[in-house]
Amino acid sequence: MNENPYRTTVLAWYERNARDLPWRTESATPWSILVSEIMLQQTPVVRVLPAWEAWMRRWPTAADLAAEPSGEAVRMWNRLGYPRRALNLHACATAIVERHGGNVPETHAELLALPGVGVYTSAAVASFAFGQRHAILDTNVRRVLARLETGIEYPPKAPAKAEFALAESLLPEEPAVAARWGVAVMELGALVCTARSPACGSCPVIADCAWVLAGKPPHDGPPRRGQTYAGTDRQVRGKLLAVLREAPGPVDKSALDVVWEDSVQRERALDALISDGLVDPLDSGEYALPG
DNA sequence: CATCCGTGGCG
DNA sequence: TCGCCAAGGAT
């Protein structure tokens, strides 16, 4: 019923070409895999690699991280970006200790209930850490399926129902094989079927590719999102948080005021950081990473 | 459903 | 140079 013609080919390609990433090794744990998935949310593998190594060395288990103040997680996060993920990871650790006896939960629903864990991450951990059968629909898989099956260069901005149905229909029955299939397609998207300049010449399933067959028609429709950064609140938040990360302890307000000219925007960004729990305004008038 | 949320590298 | 993109999630 879900016998796709290129499954074996993709799996064989993965066997030969998969990168040996540390969170894919035998010594990886459900917790270390969860950490990798959170870090990899919108952050390239090359930048996650050293951060993950350092993080796992310092906090090998969820309990180790839960025992620390959340601010230490934010500091350790360094410049990975989207620092709320550091807070999420710390909250995950706490929830795992309090609700699951220190072990990462195994069901998709329990994983989904963890902070910062959405549909993708939940499926990824259930699949990669516990060998379960779940459709993996990340940006790589979406792009591969858009080309291979739908014949378009890029998938729509937001995942559509049809995409889940398609991913579901291609999923091998055997859980262990399904888990393998998931990483394999992701890897194909990451290494060959890339966004910019796909290496169709070295693609193992080029003969099955609807997009190639159609003559590689360029993206048709609204231009792909261009997220500006310079001058935004996000840039200001980044500068403010960097000051706190690099300081050994609490800092005076004056140390924060120098990072951005526009005081209105600066105060708005600081308030937002405090509201998000990334910054702690002390009674002394100083500011610090959360305790 | 659109927008917000960091950071850095590459074509 | 600068827009685009990178294993998304929450609101």
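In what follows, every chain begins at residue 1, and chains take the letters A, B, ... in the order their sequences are listed.
- Listed pair A:R237 / B:dG6 meets the phosphate criterion, a side-chain N or O lying under 4.0 Å from OP1 or OP2.
- Salt-bridge check for A:R19 with A:E187: passed, with a basic side-chain N closer than 4.0 Å to an acidic carboxylate O.
- Closest to the side chain of A:Y120, from the set C:dG8, B:dG8, B:dC5, is C:dG8.
- The nearest heavy atom of DNA chain C to A:V117 and to A:V45 marks one nucleotide each, and the one closer to the 5' end goes with A:V45.
- At a cut-off of 3.5 angstrom, the base of B:dG6 holds at least one donor-acceptor pair with the side chain of A:T43.
- Contact between the side-chain N/O atoms of A:R245 and the OP1/OP2 oxygens of B:dT7 is found at a separation under 4.0 Å.
- Looking at every heavy atom in both residues, A:H108 comes nearest to A:V119 through NE2-O, 3.8 Å.
- Between A:Q42 and the phosphate of C:dG8, there is a side-chain N or O to OP1/OP2 separation shorter than 4.0 Å.
- Put simply, CG on A:L80 is 14 Å from P on C:dA7, counting in whole angstrom units.
- In this structure, A:I33 reaches neither bases nor backbone, as no heavy-atom distance under 4.0 Å exists between it and the strands shown.
- Look at the C1' atom in both B:dG8 and C:dT1: the space between them is 16 Å, to the nearest Å.
- Distance, A:Y229 OH to B:dT3 C1': 17 Å, rounded to whole Å.
- Spacing between atom CG of A:L49 and atom P of B:dG9 amounts to 15 Å, rounded to whole angstrom units.
- Taking atom P in both B:dT3 and C:dC4, the straight-line distance is 15 Å, to the nearest Å.
- The CG atom of A:L87 sits 11 Å away from the P atom of B:dG6 (whole-angstrom rounding).
- The same atom, C1', is picked in C:dA7 and in B:dG11; the two are 23 Å apart, to the nearest Å.
- If you check every strand for non-hydrogen atoms under 4.0 Å, A:R24 touches a base.
- The distance from atom CZ of A:R196 to atom P of C:dA6 is 8 Å, rounded to the nearest whole Å.
- A distance below 6.0 Å separates the ring centres of A:W55 and A:W77.
- The base of B:dG6 lies close enough to the side chain of A:R234 for a donor and an acceptor atom to sit less than 3.5 Å apart.
- The same atom, C1', is picked in C:dG8 and in B:dC1; the two are 16 Å apart, to the nearest Å.
- For A:Q41 and C:dA10, the CD to P distance is 8 Å, given to the nearest whole Å.
- The side chain of A:R79 contributes an N or O atom lying less than 4.0 Å from OP1 or OP2 of B:dG8.
- Here the nucleotide nearest the side chain of A:D233, chosen from B:dC5, C:dA7, C:dG9, is B:dC5.
- For the pair A:E286 and A:K253, the salt-bridge criterion is not met [side-chain N within less than 4.0 Å of a carboxylate O].
- We find that A:E68 and A:R58 are joined by a salt bridge, their nearest charged nitrogen and carboxylate oxygen being less than 4.0 Å apart.
- One atom, CG of A:D276, and another, C1' of B:dG6, lie 13 Å apart when rounded to the nearest Å.
- The side chain of A:R85 contributes no N or O atom lying less than 4.0 Å from OP1 or OP2 of B:dG6.
- We find that A:R266 and A:E261 are not joined by a salt bridge, their nearest charged nitrogen and carboxylate oxygen being 4.0 Å or further apart.
- Note on A:I136 and A:L111: separate hydrophobic clusters, where clusters join Ile, Leu, Val, Met, Phe, Trp and Tyr whose side-chain heavy atoms are under 4.5 Å apart, directly or indirectly.
- Atom NZ in A:K157 sits roughly 10 Å away from atom P in B:dT3 (whole-Å rounding).
- Here C:dA7 is the nucleotide among B:dG9, C:dA7, B:dG6 with the atom lying nearest to any side-chain atom of A:E37.
- Among the protein residues, A:G118 comes within range of the sugar-phosphate backbone only, with heavy atoms under 4.0 Å from sugar or phosphate atoms but none that close to a base.
- When the side-chain nitrogen and oxygen atoms of A:T121 are compared with OP1 and OP2 of C:dA7, none of them lie within a distance under 4.0 Å.
- Residue-level contact check: A:W23 touches the bases, meaning some heavy atom is under 4.0 Å from a base atom.
- On the C1' atoms, B:dC5 is 15 Å away from C:dA6, given to the nearest whole Å.
- Map A:G238 and A:A158 each onto its nearest nucleotide of DNA chain B; the residue landing nearer the 5' end is A:A158.
- Heavy atoms of A:V119 sit under 4.0 angstrom from primed sugar atoms or phosphate atoms, though from no base atom.
- Within the nucleic acid shown, A:A195 comes within 4.0 Å of sugar-phosphate atoms alone, with no base atom in reach, counting heavy atoms only.
- Annotation: of the two residues near DNA chain C, A:P44 and A:P115, the 5′-most nearest-nucleotide partner is A:P44.
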